[in-house]
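Notes for the one structure printed next.
Computed from heavy atoms alone, side chains included, the values below leave out hydrogens, waters and symmetry copies. The structure presented is a predicted model; accordingly, all values stated were derived computationally and were not measured.
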Amino acid sequence: MEKILDISKLRNIGITAHIDAGKTTLTERILFYTGRAYKMGEVDEGTATMDWMEEEQKRGITITAAATTCFWGDCQINIIDTPGHVDFTAEVERSLRVLDGAICVFCGVAGVQAQSETVWRQADKYKVPKLCFVNKLDRTGADFLRVVADVKEKFRAKAIPVQMPVGKERDFIGCIDLIGMKAWLFEDPEAKKDPTKNYEIVDVPKEYLPEAARLREEMIERIAEEVDWFMEKYLREEPITEEDIKKAIRQGTIALRFIPVLCGSAFKNKGVQMLLDAVCNYLPSPLDVPPITGTHPQKEGKLIRKPSVDDPLAALAFKIFADKHGDINYLRIYSGKIRTGQRVYNSRKDKVELVSRIYKMHANEREQIEEAVAGDIVAVVGLKDTVTGDTLCDRQNQILLEPVRFPETVISMAVEPKTQAEKEKLVYALERLKKEDPTFLARMNSETGQLIMSGMGELHLDVLKNRMLSEFKVDANIGTPKVAYKETIARAVEIEEKFIQQTGGHGQYGHVVIIFEPCKDAHPVIFENKIVGGAIPRQYIKSVAAAIVDSAQGGVSSGYPLINIKATLIDGSHHPVDSSDLAFYTAASRALTQCVQRAGSVLLEPIMKVEVAVPEIYLGDVLGDLNGRRAEIQELGVSSGVRIIKGLVPLAEMFGYTTALRSSTSGRGSYVMEPFDYRAAPREVYAGTA
C-alpha cells in the first residue's frame with residue numbers, strides 16, 4: 001500500500017449511528033469504491049468485511065470497532081466502523097477518543113434514534129467535527145428534510161444541507177450537489193462495465209431547480225452567519241465561487257460551528273462517492289485539530305505534543321485484540337514516529353516495551369509496515385504490559401495522555417467450570433476477554449467462591465459467554481444474568497477509629513477521625529484531606545485514602561460496592577515508631593465498616609434510560625406493561641407514524657423485555673436502553689436481594 005507522508009492529506013474518521021442505520025453497509029461501499037475491496041460485502045448475508053467476528057456474522061450486528069485504511073483522490077482515510085448497540089458503546093467511546101472526524105449516519109425513515117443521541121454526545125465530548133449522512137432514502141417513508149429538522153431539534157445543532165435528493169422513496173435516483181448545482185444520477189452498478197463509475201453528472205432537472213435554488217441560498221446564508229470572511233463577501237455581494245463555499249464549509253465544520261448534511265442510500269450504492277469527497281474536503285487532518293495535551297508522570301503542568309515527526313513520540317493505546325499469536329495493540333500516534341524494533345516507554349506502567357511489528361489493519365487482515373508517523377492509526381505487536389488507555393512515549397521526553405473513561409458495569413452472571421482443568425482454561429479466557437474489553441469485569445465472590453462476570457447488558461454478556469465457549473472451548477455452567485446493585489449510606493456520621501497492636505518488636509498504631517457523608521451523583525468515593533499541623537504524616541494519608549476506596553469497592557455490609565460517599569479526614573494521631581502504612585490502612589478500613597453500621601446502608605439499583613418504538617395500535621398494552629415494570633414515563637412522541645415512549649426503568653425489571661415486547665406487538669415493536677443512574681431501591685427489592 002502506498003504510504004502518505006503528507007499529514008495534511010490524512011483523515012482519521014469514525015462511522016457512528018444507531019443500530020441498523022447502515023454504518024457497516026456504508027463502510028463496505030466505501031471500501032469498494034476506493035478499491036480497497038473487490039466486491040461489496042453484505043451484513044444480512046454475513047459477508048461484511050468489517051464484521052469479521054463469528055458472533056457478528058451470526059447476529060448481523062457490529063460488536064467490536066474494526067479499523068481499515070483506504071485512499072480517495074490524494075487522501076489517505078483511516079476508518080473505524082463502530083457498533084450501534086448500546087451494550088457496546090465503549091467501542092464507540094474509545095474510537096472517538098482518538099479520531100479527528102466522524103460521519104454520523106441517520107436512517108432516512110426513523111431519523112434521530114436513541115443511540116444516535118448517545119454517539120452524538122460522545123463526539124461532542126471529544127470535540128470531534130462531524131458530517132451527517134442521511135441514509136436509506138430509497139425506503140418507504142424516507143424524508144430527507146424531516147431528518148435534517150430532527151437533527152436540528154434533538155441536538156440543537158446547526159445542520160446545513162449541502163445536498164438534496166432527486167426522487168423520493170423507491171424513485172430516489174440521485175443527489176443534487178447544492179454547491180456546484182449539479183445532479184449526480186446513480187444507476188445499478190451491474191449495468192456498467194466499471195461498477196465504480198455508477199453515476200453521471202448532469203444539470204439539475206428543471207422540476208428541482210426552484211427547491212435547489214432555495215436550499216442553496218439558505219445554505220450560503222447559514223454558512224455566512226458562522227464564517228466571518230465569507231459573511232463579508234456575502235454582504236458586499238461579491239461573486240461567491242464553489243471554492244469559496246467549500247473553504248468556508250471546511251472552516252466552519254472543523255471549528256464545530258455547523259454540520260454539513262449529505263444524503264444517499266448505501267445499500268443501493270447511491271451517494272457514497274459524494275460522501276468520500278466531503279470527507280476529504282470538510283473533515284480535518286491531524287494538523288487541523290488542536291495539539292494533544294498531557295502531563296508529566298512525576299511533575300505538574302501541561303505538556304503539548306504537535307502532530308509532527310519532529311516532536312517526541314506520544315501515542316495512545318486505545319484498543320487491544322487478544323490474538324493467539326500475541327496481543328495486537330491499536331495505537332493513535334499523536335507525535336513523533338515509531339519503527340519496527342524500537343523500544344518505547346509506557347509512562348503509566350513505568351515499563352519499557354519493544355515494538356516487534358507494525359501493521360496497517362483491514363478488519364482482521366494485516367499489512368506489515370516498517371514505520372508509522374504522527375497522525376496515523378496503526379496496530380503493533382510485541383507490547384507485553386500495555387493495555388487500553390496507556391501512553392507510549394520517549395523515555396527522555398515523558399508524557400502521560402488522558403486515558404479513555406468507561407461507564408460502570410450494570411449486569412453480572414456467575415460462571416462455574418465443570419472440572420479443575422476447565423477452571424484453568426476459564427481463568428485464561430476471562431483474562432483475555434478482560435484485556436480486550438475494558439467494560440467487562442471478572443472477579444471472585446469471596447462469600448460463594450463463584451466467578452462473577454459483569455458487563456454492560458444482556459447482549460454484551462451473551463456475546464462474551466458465547467465467545468468463551470466457542471473461541472476458548474471452555475466447558476462451564478453459566479448462571480442467569482443478575483443486576484449489579486450498589487449501596488450508599490443513609491446519613492452523615494463522624495467515626496473515630498484506632499488500630500493498636502502490640503507485638504514483641506515494633507507494634508502497629510494508626511488513629512483516624514473521618515467524616516463520612518452521602519454525596520449525590522458522585523458515583524466513586526470522594527476522599528478529602530483536611531489534616532492540619534501534621535497530626536498524620538503525609539505518607540500515611542495515601543494509605544487512608546486507598547483503604548477507603550478499596551473497602552468501598554469490595555462492599556461492607558452485603559457485598560455490594562459502596563458509591564456516592566464523601567470521606568473527609570479531619571484528625572488523627574501517629575506514633576513515631578509503631579505507625580505504618582498498614583496500621584493506617586487498617587484503621588481507615590475499619591472506620592468505613594463502622595460508618596455503614598452506624599449510618600445505615602441504602603441499596604441502589606441501576607436505572608436504565610429506555611426508548612420504545614411501537615405502532616399506535618399497541619401503545620396502550622406497551623404502556624401498561626412498562627408501568628408494571630416500575631417505569632417512569634417521561635415523554636410520549638410520534639416519529640414517522642410510530643409512537644415513541646421514553647422513560648426510566650429499573651434494570652431488574654427489564655430482563656426478558658425483548659420477548660415480552662415482541663409478543664405484545666406481534667413483532668412490530670423495538671426498544672433500546674442505556675445506563676442512566678443509580679437510585680434507591682424500594683424495600684421489597686432490598687428484601688429480595690438479601
Charged N to carboxylate O below 4.0 Å: is that the case for D100 and R332? yes
Check V493 against A599 and note the closest heavy-atom contact, atom names and distance. CG1-CB, 3.7 Å
Does R467 come within less than 4.0 Å of E436, counting only side-chain N to carboxylate O? yes
Go through the structure and list residues passing ring-ring contact (aromatic ring centres under 6.0 Å, His included) with Y657, not counting sequence neighbours. Y671
Sorted by chain and number, sequence neighbours left out, salt bridge (charged side-chain N to carboxylate O under 4.0 Å, His left out) with E616 holds for R643
Trace of the side-chain contact (heavy atoms from CB on, under 4.5 Å) decision for S601 with V596: CA-CA 6 Å; S601 63; V596 174; 4.0 Å; yes
Supply the atom-to-atom distance I377 CD1 to L331 CG, rounded to the nearest 0.5 angstrom. 10.0 Å
Dump the intermediate steps for side-chain contact (heavy atoms from CB on, under 4.5 Å) on V427 and E424, then the final yes or no. CA-CA 5 Å; V427 170; E424 294 177 8; 5.9 Å; no
For E416, salt bridge (charged side-chain N to carboxylate O under 4.0 Å, His left out) partners two or more places apart: none
Assess whether a salt bridge exists between K425 and E431, defined as any Lys/Arg side-chain N lying under 4.0 Å from an Asp/Glu carboxylate O. no
Under a 4.0 Å N-O cut-off, is there an ion pair linking D475 with K418? yes
Return yes when atom CG of L636 has more than 12 non-hydrogen atoms of other residues, nucleotides or ligands closer than 6.0 Å, and no otherwise. yes
Tell me whether the count of non-hydrogen atoms from other residues, nucleotides or ligands lying under 6.0 Å of NZ in K423 goes above 12. no
Which residues pass the ring-ring contact (aromatic ring centres under 6.0 Å, His included) test with F155, not counting sequence neighbours? W120
Does R432 come within less than 4.0 Å of D327, counting only side-chain N to carboxylate O? yes
Under 3.5 Å, is there a donor-acceptor pair between the side chain of D621 and the main chain of S664? no
Any Lys/Arg nitrogen of R679 or E632 sitting under 4.0 Å from an Asp/Glu carboxylate oxygen of the other? yes
Does L256 have any side-chain contact (heavy atoms from CB on, under 4.5 Å) partners at least two apart in sequence or in another chain, and if so, which? K127, P129
So, K465 and D462, do they make that salt bridge, N to O below 4.0 Å? yes
Salt bridge (charged side-chain N to carboxylate O under 4.0 Å, His left out) between R491 and E517, intermediate numbers included: CA-CA 6 Å; R491 60 188 178 88; E517 54 192 320; over 6 Å; no
CG-CG distance between D385 and D390, expressed to the nearest 0.5 angstrom: 9.0 Å
List in chain and number order the residues that pass salt bridge (charged side-chain N to carboxylate O under 4.0 Å, His left out) with E653, two or more places apart in sequence or in another chain; answer none if no residue qualifies. R630
Full working for side-chain contact (heavy atoms from CB on, under 4.5 Å) between L461 and I411: CA-CA 8 Å; L461 283 185; I411 191 170; 3.8 Å; yes
Donor-acceptor pairs under 3.5 angstrom involving side-chain atoms of residues 542-553: please list them, not counting sequence neighbours.
| unit_1 | atom_1 | unit_2 | atom_2 | d |
| --- | --- | --- | --- | --- |
| S543 | OG | D581 | OD1 | 2.9 |
| D550 | OD2 | Y585 | OH | 2.8 |
| S551 | OG | A547 | O | 2.8 |
| S551 | OG | S589 | OG | 2.9 |

When you measure from the side chain of T25 to the backbone N and O of G22, does any donor-acceptor pair fall under 3.5 Å? no
Give me each pair satisfying salt bridge (Lys or Arg N to Asp or Glu O under 4.0 Å) with a member in residues 553-567, each pair once, sequence neighbours excluded. E528-K566
Which residues share a side-chain contact (heavy atoms from CB on, under 4.5 Å) with R156, sequence neighbours left out: none
Start with the C-alpha gap between I80 and I15, add the side-chain angles, then the distance that decides, and say whether side-chain contact (heavy atoms from CB on, under 4.5 Å) holds. CA-CA 6 Å; I80 297 182; I15 301 181; over 6 Å; no
Can a salt bridge be assigned to the pair R629 and D625 using a cut-off of 4.0 Å between side-chain N and carboxylate O? yes
side-chain contact (heavy atoms from CB on, under 4.5 Å) with T593: which residues, sequence neighbours excluded? V556, Q597
Closer than 3.5 angstrom, by distance alone: can the side chain of N135 be matched with the main-chain N or O of A266 as a donor-acceptor pair? yes
Please tell me if the side chains of S412 and M453 come closer than 4.5 Å, counting only heavy atoms from C-beta onward. no
Residues two or more places apart in sequence or in another chain: which of them pass salt bridge (charged side-chain N to carboxylate O under 4.0 Å, His left out) with R97? none
side-chain contact (heavy atoms from CB on, under 4.5 Å) with E494: which residues, sequence neighbours excluded? V513, I515, I570
